[in-house]
Amino acid sequence: MSQTVDRALSILPLLAEGPANLEQVASRLGVHKSTALRLLRTLHEHGIVYRQPDQRYRLGARLFALAQQAVENLDVREIAHPHLVALNEKCGHTVHLAVYEENEVLYIDKVESRYPVRMYSRIGKPVAITVAAVAKLLLADLPEPERRALAEKLDYPLYTSRSTPHATAFLAELAKVREQGWATDLGGHEESINCVGAPIRGADGRVVAAMSVSAPNVVVTADELLTLLPLVRRTADTISREYSGTAIPHSPTGPVQEA
């Protein structure tokens with residue numbers, strides 16, 4: 001039975017390359033054509049493959065429907081939460097998870113710091129979009145025209161002297177974040193709060209969420225917080241692999257430069 005399942009599944013990568021006839025399928029599997037035909041008929045009955053009028057087989061619509069349904073039912077928060085908790089246990093600082101929806105970046109999960117000084121962020125609350133590390137990560141992944149159009153529509157409140165002042169500066173920062181694959185907010189929203197974040201990616205490589213570690217200056221300095229970047233990135237990579245079901249390349253962990 002396991003050999004039959006293995007052979008049936010081996011047909012799918014072949015057909016992903018393009019339509020193939022019975023002889024080609026049998027040759028790829030290393031089986032007699034009658035065995036290949038039996039496997040193809042079973043897959044055809046379930047809509048996983050489709051037989052074209054020219055008698056070649058291709059992937060069926062049912063397979064794409066199942067894939068789409070699986071993606072829609074993935075809950076990035078559910079997958080990420082135990083990893084966020086583990087990260088919090090290692091570093092002790094506040095950990096956030098955020099997504100981009102309808103022109104807003106929203107926190108969808110938070111694990112509180114073990115230290116007495118707490119942050120006022122709340123699950124479901126919009127993020128300060130022009131300064132927050134998670135917002136930079138999510139917006140940096142947008143296509144360039146969409147990124148530019150959004151940047152030009154935003155207001156740029158000067159929360160602190162380190163806040164992003166205007167669209168030109170914001171676009172430059174997003175370009176840097178897009179290139180390096182991580183982001184910070186070092187006193188951009190609150191003078192005393194620093195934050196470092198990394199993206200969570202889906203199977204197509206697009207950013208589906210962003211996570212961050214935040215801490216006040218009275219607990220750790222900005223430089224001390226930046227030393228956690230490799231750990232944050234490894235956590236984000238782990239969540240990405242689990243969420244997408246694919247092997248996402250590990251993020252580099254070389255010297256950290258402020259973003």
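Since this is a predicted model, take the numbers as computed values, not measurements.
With respect to Arg41 and Glu45, no salt bridge is recorded, no charged nitrogen being found less than 4.0 Å from a carboxylate O. Salt bridge present: Arg56 and Asp54 bring a charged side-chain N and a carboxylate O closer than 4.0 Å.
Proximity of His96 to Ser214: side-chain heavy atoms (C-beta onward) are separated by under 4.5 Å at one or more points. In this structure, Glu242 and His83 have side chains that are in contact, with non-hydrogen atoms separated by less than 4.5 Å. Contact of the Leu39 side chain with the Leu29 side chain is registered, since non-hydrogen atoms from C-beta on lie closer than 4.5 Å. Inter-residue side-chain proximity for Val232 and Trp182 is flagged as unmet; no heavy-atom pair is nearer than 4.5 Å. Within the 4.5 Å cutoff, the side chain of Arg7 has no heavy atoms near those of the Ile11 side chain. Considering only heavy atoms from C-beta on, Lys125 stays 4.5 Å or farther from Lys110 through its side chain.
Residues Leu15 and Ile48 fall within the same hydrophobic cluster, defined by Ile, Leu, Val, Met, Phe, Trp and Tyr side chains chained together at heavy-atom separations under 4.5 Å. Val196 and Val207 fall into different hydrophobic clusters, where Ile, Leu, Val, Met, Phe, Trp and Tyr residues are linked whenever their side-chain heavy atoms come under 4.5 Å apart, directly or through other members. Ile129 and Val131 are assigned to two separate hydrophobic clusters, defined by single-linkage of ILVMFWY side chains at heavy-atom distances under 4.5 Å. When hydrophobic clusters are built by joining Ile, Leu, Val, Met, Phe, Trp and Tyr residues whose side-chain heavy atoms come closer than 4.5 Å, directly or via intermediates, Leu87 is grouped together with Val220. Residues Val134 and Leu174 are members of one and the same hydrophobic cluster, defined by side-chain heavy-atom contacts under 4.5 angstrom among Ile, Leu, Val, Met, Phe, Trp and Tyr.
In this structure, CG in Asp6 is found 9.5 Å from OG1 in Thr4, a value given to the nearest 0.5 Å. The CG atom of Leu43 lies 15.5 Å from the OH atom of Tyr50; values are rounded to the nearest 0.5 Å. Interatomic distance, Ser27 OG to Leu22 CG, rounded to the nearest 0.5 Å: 11.0 Å. Atom CD1 in Ile193 sits 7.5 Å away from atom CG in Asn217 (nearest 0.5 Å).
With no hydrogens or angles considered, no side-chain donor-acceptor pair links Asn21 and Glu23 at under 3.5 Å.
The six-membered or imidazole ring of His166 lies away from that of Tyr156, with a centre-to-centre distance of 6.0 Å or more.
At distances below 3.5 Å, not a single donor-acceptor pair connects side-chain atoms of Glu190 with backbone N or O atoms of Ser192. Under the 3.5 Å distance criterion, the side-chain polar atoms of Asn194 are matched with a main-chain donor or acceptor of Gly187. Side-chain N or O atoms of Ser113 include one that pairs as donor or acceptor with a backbone N or O of Gly92 at under 3.5 Å. No side-chain donor-acceptor contact under 3.5 Å links Arg58 to the backbone of Gln52. His32 places a side-chain N or O within donor-acceptor distance of the main-chain N or O of Ser34, the cut-off being under 3.5 Å. The closest donor-acceptor contact from the side chain of Arg206 to the backbone of Asp141 lies under 3.5 Å. Between the side chain of Glu224 and the main chain of Thr221, a donor-acceptor pair closer than 3.5 Å is present. For Arg114 (side chain) and Glu89 (main-chain N/O), a donor-acceptor pair under 3.5 Å exists by modelled atom type. Listed for the Arg201 side chain is no donor-acceptor partner under 3.5 Å among the backbone atoms of Ser240.
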In sequence, state the C-alpha distance, the side-chain angles, and the governing distance for Val95 and Thr235, and then conclude on side-chain contact (heavy atoms from CB on, under 4.5 Å). CA-CA 11 Å; Val95 182; Thr235 302; over 6 Å; no
Apply side-chain contact (heavy atoms from CB on, under 4.5 Å) to Asp185 and Tyr159, showing your working. CA-CA 12 Å; Asp185 168 15; Tyr159 302 106; over 6 Å; no
Please lay out, stage by stage, how Thr160 and Ser163 fare under the test side-chain contact (heavy atoms from CB on, under 4.5 Å). CA-CA 5 Å; Thr160 75; Ser163 298; 3.7 Å; yes
Please assess Leu97 against Ile200 for the test side-chain contact (heavy atoms from CB on, under 4.5 Å), listing each intermediate value before the final yes or no. CA-CA 9 Å; Leu97 181 69; Ile200 295 167; 3.5 Å; yes
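A pairwise comparison of heavy atoms in Ala183 and Lys136 identifies CB-CB, 4.1 Å as the closest pair. In terms of heavy atoms, Ala222 sits closest to Leu186 at CB-CD2, 4.2 Å. Of all heavy-atom pairs between His44 and Arg51, the closest is CD2-N, 3.5 Å. The shortest non-hydrogen separation linking Gly202 to Val208 is N-CG1, 3.9 Å. Contact between Leu139 and Tyr100 at its shortest, heavy atoms only, is CD2-CE1, 3.6 Å. Nearest approach of Ala140 to Val177, heavy atoms of both residues: CB-CG1, 4.0 Å.
Ring orientation note: the planes of His93 and Tyr115 are close to parallel, at an angle under 30° on the 30°/60° scale.
Within 6.0 Å of CD in Gln55 there are more than 12 heavy atoms belonging to other residues, nucleotides or ligands. In the displayed structure, Glu179 atom CD is contacted under 6.0 Å by at most 12 heavy atoms of other residues, nucleotides or ligands.
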